[in-house]
2 protein chains.
Amino acid sequence: MKIGQLAKRSGFSAHTIRYYERIGLLPRAHRDQSGQRDYDASILVWVEFLSRLKTIGMPIRDMQRYAKLRESGPSTETERRELLERHRQRVQAHVAELQDCLLVLDTKIAGYARLEQRVKKHVTQTTRKRKSTGARYARPV
Amino acid sequence: MKIGQLAKRSGFSAHTIRYYERIGLLPRAHRDQSGQRDYDASILVWVEFLSRLKTIGMPIRDMQRYAKLRESGPSTETERRELLERHRQRVQAHVAELQDCLLVLDTKIAGYARLEQRVKKHVTQTTRKRKSTGARYARPV
DNA sequence: CTACGGGTTAGAGCATGCTCTAGGTCAAGC
DNA sequence: GCTTGACCTAGAGCATGCTCTAACCCGTAG
């Protein structure tokens, strides 16, 4: 598999794949007789794992550390687990924070929606005497 | 309230607060007789909202747009709601993706943990004949 | 009166993570 | 033989979001 193929299958651009190789996230790929990278399908497992680490926002430094440990063989497995666990903690905290903010956001969105309802109502009732339009809902920030 | 106070209360650095004013995220603060920013406590509501938008990863461009709309008065409320809703969608999708990746990560961490258990067992049983240590668990990536 | 702990500005610099360019090689199809 | 498209390397450049510097100004305590 050449780099273009890997790019399509992995979602990373060829540029990014070369960059990842340069910085040690990907092992130096085997080259064919004309010097082009030639990947074994087995690289996909690692690339997809990297993709997940990226999704959960692991800094490249940590990925580099992980990649290095991985290349050092099974004796580094405890350290790898610890690295992943530390990041999992961070991500879980972040998700909790996001959900917290989402609640606040929903409240604000609902506030705007209510304002819009009031405006609509006002327009349709504009010829009648309205009973109560007091500030039942605070105007959002 | 001076900028240092606002910094402490908001969690943004004074540098960042000035930067936010420069780019229009914060309204130009009133200055006292000696030219120093003098904030009214009411700014905190907005600053904390900005902080939430930042937490949920809204790009500064969008925050700028929101701030501008906010300063243009109530007629922009629908647009503000739409802006928030669009971002909420993105965040929800992102949270789902994170949780997805966390599941995979947990599986991998559990895999490492099992390997470590096997090693321990092996060490304690090292003088006895072990019954089955076949590859019941795949070695993680 | 002077030192200190704040504040001011404009603008430079930095960390992260790519992304692109320049100038070249190679293999296949017309 | 020549074009085309995909690849190569080294290194420059870019987008985002701050963060810091230089050089200066105040007000207050000792």
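So you know, we letter chains A, B, ... as the sequences are listed, proteins then strands, and number each from 1.
- B:F12 comes within contact range of no nucleotide atom at all, as no heavy-atom separation falls under 4.0 Å.
- Both A:I3 and A:I23 are part of a single hydrophobic cluster, where members link through side-chain heavy atoms under 4.5 Å apart.
- Every pair passing salt bridge (Lys or Arg N to Asp or Glu O under 4.0 Å) that includes a residue from residues 31-51 of chain A is listed here, sequence neighbours excluded: A:E21-A:R31, A:E21-A:R37.
- A donor-acceptor pair under 3.5 Å is absent between the side-chain atoms of A:W46 and the main chain of A:A67, judged by distance alone.
- Using a cutoff of 4.0 Å between basic side-chain nitrogens and carboxylate oxygens, B:R81 and B:E85 are scored as salt-bridged.
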Every protein N/O lying under 3.5 Å from an N/O of nucleotides 7-13 of chain D:
unit_1: D:dC7; atom_1: OP1; unit_2: A:G4; atom_2: N; d: 2.9
unit_1: D:dC8; atom_1: OP1; unit_2: A:R37; atom_2: N; d: 2.8
unit_1: D:dC8; atom_1: OP1; unit_2: A:R37; atom_2: NH1; d: 2.7
unit_1: D:dC8; atom_1: OP2; unit_2: A:R18; atom_2: NE; d: 2.8
unit_1: D:dC8; atom_1: OP2; unit_2: A:R18; atom_2: NH2; d: 3.1
unit_1: D:dC8; atom_1: OP2; unit_2: A:R37; atom_2: NH1; d: 3.2
unit_1: D:dC8; atom_1: O5'; unit_2: A:R37; atom_2: NH1; d: 3.4
unit_1: D:dT9; atom_1: OP1; unit_2: A:R31; atom_2: NH1; d: 2.7
unit_1: D:dT9; atom_1: OP2; unit_2: A:R37; atom_2: NH1; d: 2.9
unit_1: D:dT9; atom_1: OP2; unit_2: A:R37; atom_2: NH2; d: 2.7
unit_1: D:dG11; atom_1: N7; unit_2: A:R22; atom_2: NH1; d: 3.2
unit_1: D:dG11; atom_1: O6; unit_2: A:R22; atom_2: NH2; d: 3.3

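- Partners of B:K2 under the side-chain contact (heavy atoms from CB on, under 4.5 Å) rule, at least two apart in sequence or in another chain, are B:Q36.
- As a whole-Å value, the separation of A:L26 CG from C:dG17 C1' is 15 Å.
- Between B:Y20 and D:dG17 there is no side-chain N or O to OP1 or OP2 distance below 4.0 Å.
- Annotation: ring-ring contact (aromatic ring centres under 6.0 Å, His included) contacts of A:Y19 (sequence neighbours excluded): none.
- A search for side-chain contact (heavy atoms from CB on, under 4.5 Å) contacts involving B:S72 returns B:T76, not counting sequence neighbours.
- A:R9 places a side-chain heavy atom less than 4.5 Å from the side chain of A:Q5.
- Atom pair B:Q33:CD and C:dT8:P shows a separation of 13 Å (rounding to whole Å applied).
- Remark: A:Y39 pairs with no residue by the ring-ring contact (aromatic ring centres under 6.0 Å, His included) rule, at least two apart or across chains.
- Spacing between atom CD1 of A:I17 and atom P of C:dG17 amounts to 18 Å, rounded to whole angstrom units.
- B:V47 has its side chain within reach of B:F12: a pair of non-hydrogen atoms, C-beta onward, lies under 4.5 Å apart.
- For A:R52, the salt bridge (Lys or Arg N to Asp or Glu O under 4.0 Å) criterion is met by no residue, not counting sequence neighbours.
- Comparing the start and finish of the helix from C:dC1-D:dG30 to C:dC30-D:dG1, five pairs each, the helix axis swings through 20°, to the nearest 10 degrees.
- Between the CG atom of A:L25 and the P atom of C:dC18 there is a distance of 9 Å, given to the nearest Å.
- Counting only residues at least two apart or on different chains, the salt bridge (Lys or Arg N to Asp or Glu O under 4.0 Å) pairs with a member in residues 58-69 of chain B are B:D62-B:R90, B:R65-B:E79.
- Rounded to whole Å, atom P of C:dG7 lies 17 Å from atom NE2 of B:H30.
- Computed from coordinates, the B:Y19 OH to C:dT9 C1' distance equals 17 Å when rounded to whole Å.
- Heavy-atom distances under 4.0 Å link DNA chain D to no residue of residues 82-98 of chain A.
- Within residues 53-65 of chain A, the residues approaching DNA chain C are A:K54, A:P59, A:I60, A:R61, by heavy-atom distance under 4.0 Å.
- Considering only residues two or more places apart in sequence or on other chains, B:S13 meets the side chain to side chain donor-acceptor pair (under 3.5 Å) condition with B:T16.
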